[in-house]
Number of protein chains: 2
Amino acid sequence: MSKKRQELIDTAIRLFGQHGFHATGIDWIAEEANVSKKTMYQHFRSKDELIVAALKHHDGLFRNFFMRAVEDSAETPYERLIAIFDVAHAWFSQHDFYGCMFINAIGEYSNKNTAIQQTCIEFKRLMSSYIEELANLLAVENPVELASELAILLEGSIVTAQVSRNPNAASTAKKAAKILIDNEMK
Amino acid sequence: MSKKRQELIDTAIRLFGQHGFHATGIDWIAEEANVSKKTMYQHFRSKDELIVAALKHHDGLFRNFFMRAVEDSAETPYERLIAIFDVAHAWFSQHDFYGCMFINAIGEYSNKNTAIQQTCIEFKRLMSSYIEELANLLAVENPVELASELAILLEGSIVTAQVSRNPNAASTAKKAAKILIDNEMK
DNA sequence: CGTAATGTAAACAGATCTGTTACCTTTGTC
DNA sequence: GACAAAGGTAACAGATCTGTTTACATTACG
């Protein structure tokens, strides 16, 4: 990938995350990325295309960070499912945490079946799949159900941490997750 | 409250919910509400003021709907805590469900300590308080903790239903809630 | 009926948005 | 050094945004 393109996407992710999508103008992104508008429109034909590119790039980066952190934190599937919420806590504690970019995007582009929306849905699907894979390795009756519950806990902790500006939503969700997993394994 | 003002707020809630805040223009709201822009600016000095008024009004309406529905669905605190997720299911099933307006607002106005943000935080605080009140009536050791967990489940189900366009996130959250409550009561 | 309040319609100001273009500078390569 | 490709600057077009103002119509009520 070209360096300019990379810089544009990185800047877009940062500004979209901080200020939202509609509130972040093209000119602003180009300026912060030290790229002229002309060059920018050679890489992305429209703002929507840039948004989709930024979301997809962030998707890759984020899931890589998240899964790697989970796998570095614990060995067994059981411990890893719980470690998800430790990783979430670390995420929420970052100074530039403004909630989940994909949730925020869905909030701004909720009405139409756009590529933006599809990208967000796909991200959530992939995250759920990851949790499901871990749950499948447990000796439980209904791993899919358990995974759905844990995914909901994760989403809830993200939003709660975002609204309350308190990363401890992850700790609360972790306790709940433990109970749900243990209950299913008993 | 004046009829014009009422019409403006109702329209604002509808359009902001469907299309987001930045994407919904003043002119559009005035037109849909059949109110001239001049009159509109006599009621609200700025768009932000209208947003806050709409959020506060929706806060009142929504919590009233929600709590009443919960109380109509069940008698005991135990049953009511679980009924929360039945009410959520009904909410998610509405044809005009576009997620939680306050979560969406936080996503668009995440950077500053505005009145908009304060209104959203206050809404979430009041919803949590309600859950906490119900949990306090249970014979459990740590009702506050349980309430936090249930609140996270509720938030998670809202976002999941919004993204997946599937109200069944509420059913999943309900199962998880039962387990958490029963586990705390055993 | 007459008056005052209230509302509408529509233009306007000024800013900002996305996207394009004309002109000039830089840069890499032979 | 010559030349072509690429990028920067800055203006522009056209739309849309918030907010104001002017001129006219409607309504309420003594």
Side-chain angles (χ1 to χ4, degrees), chain A residues 1-57 104-105 107-112 114-117 119, chain B residues 1-57 104-105 107-112 114-117 119:
Chain A
M1 171 145 47
S2 118
K3 193 185 163 187
K4 299 267 173 194
R5 188 187 168 91
Q6 185 66 57
E7 198 66 44
L8 281 165
I9 288 184
D10 289 347
T11 306
I13 290 171
R14 182 166 54 84
L15 293 182
F16 286 148
Q18 273 182 51
H19 306 283
F21 296 87
H22 285 92
T24 304
I26 288 289
D27 294 34
W28 191 10
I29 296 171
E31 194 188 329
E32 292 258 322
N34 287 112
V35 172
S36 75
K37 244 168 91 171
K38 187 187 176 190
T39 305
M40 167 173 220
Y41 271 97
Q42 276 164 4
H43 286 287
F44 309 100
R45 271 173 299 181
S46 67
K47 182 181 183 181
D48 275 21
E49 206 172 287
L50 171 60
I51 291 176
V52 171
L55 287 174
K56 284 193 172 154
H57 189 76
N104 293 344
E108 289 202 47
Y109 300 92
S110 57
N111 210 18
K112 300 161 199 159
T114 57
I116 294 173
Q117 230 189 31
T119 308
Chain B
M1 172 145 45
S2 119
K3 192 186 164 187
K4 299 269 172 192
R5 188 187 168 89
Q6 185 66 56
E7 199 65 44
L8 281 167
I9 287 184
D10 288 346
T11 307
I13 290 171
R14 182 166 54 83
L15 294 182
F16 286 147
Q18 273 183 51
H19 306 283
F21 296 86
H22 284 91
T24 304
I26 288 288
D27 293 34
W28 191 9
I29 296 171
E31 192 188 330
E32 292 259 322
N34 287 112
V35 171
S36 75
K37 245 168 91 171
K38 189 186 175 191
T39 304
M40 168 173 220
Y41 272 96
Q42 275 164 5
H43 286 288
F44 310 99
R45 271 172 301 181
S46 67
K47 183 181 182 180
D48 275 22
E49 207 172 288
L50 171 60
I51 291 175
V52 170
L55 287 174
K56 283 192 173 156
H57 189 76
N104 293 345
E108 289 202 47
Y109 300 91
S110 56
N111 210 20
K112 301 161 198 160
T114 56
I116 295 173
Q117 230 188 31
T119 308

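As the structure is a computational prediction, the values presented were derived from the model and not from experiment. Residue numbers start from 1 in every chain, and the chains themselves are labelled A, B, ... in the order their sequence lines are given, proteins ahead of strands.
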Atom CG in Leu8(B), atom NZ in Lys4(B): separation rounded to 0.5 Å? 8.5 Å

List every contact pair, protein side and nucleotides 17-21 of chain C side both N or O, where the distance is under 3.5 Å.
from	atom 1	to	atom 2	distance (Å)
dT18(C)	OP1	Lys47(A)	NZ	2.8
dT18(C)	OP2	Ile26(A)	N	2.7
dG19(C)	OP2	Tyr41(A)	OH	3.0
dG19(C)	OP2	Lys47(A)	N	2.8
dG19(C)	O5'	Tyr41(A)	OH	3.3
dG19(C)	N7	Lys37(A)	NZ	2.9
dG19(C)	O6	Lys37(A)	NZ	2.7

Are any non-hydrogen side-chain atoms of Glu49(B) and Tyr41(B) less than 4.5 angstrom apart? no

Residues which pass side chain to side chain donor-acceptor pair (under 3.5 Å) with Gln117(A), listed by chain and number, not counting sequence neighbours: Arg165(B)

Arg5(B) CZ to dT6(C) C1', in whole Å, measures 17 Å

Quick one, Leu55(A) and Phe21(A) - any side-chain contact, counting heavy atoms below 4.5 Å? yes

What is the distance, to the nearest angstrom, from the NZ atom on Lys3(B) to the C1' atom on dG7(C)? 13 Å

Side chain to side chain donor-acceptor pair (under 3.5 Å) against Thr114(B), all qualifying residues, sequence neighbours excluded: none

Tell me the interatomic distance from Met40(A), atom CE, to dA6(D), atom C1', rounded to whole angstroms. 17 Å

Under 4.0 angstrom between Gln42(A) side-chain N/O and dG7(D) OP1 or OP2: yes

Using distance only, find each side-chain donor-acceptor pair of residues 28-35 of chain A under 3.5 Å and give its atom names and separation, not counting sequence neighbours.
from	atom 1	to	atom 2	distance (Å)
Glu32(A)	OE1	Arg14(A)	NH1	3.3
Glu32(A)	OE1	Arg14(A)	NH2	2.9

Under the side chain to side chain contact (heavy atoms under 4.5 Å, CB included) test, residues paired with Asp27(A) that sit two or more places apart: Lys37(A)

Which residues within residues 10-17 of chain A lie with some heavy atom under 4.0 Å of an atom in DNA chain C? none

Establish, with yes or no, whether the OP1 or OP2 oxygen of dA10(C) is under 4.0 angstrom from a side-chain nitrogen or oxygen of Ser36(B). no

Can you tell if the side chain of Ile116(B) reaches within under 4.5 Å of the side chain of Glu108(B), non-hydrogen atoms only? no

Length of the line joining Lys4(A):NZ and dT26(C):P, which is rounded to integer Å: 14 Å

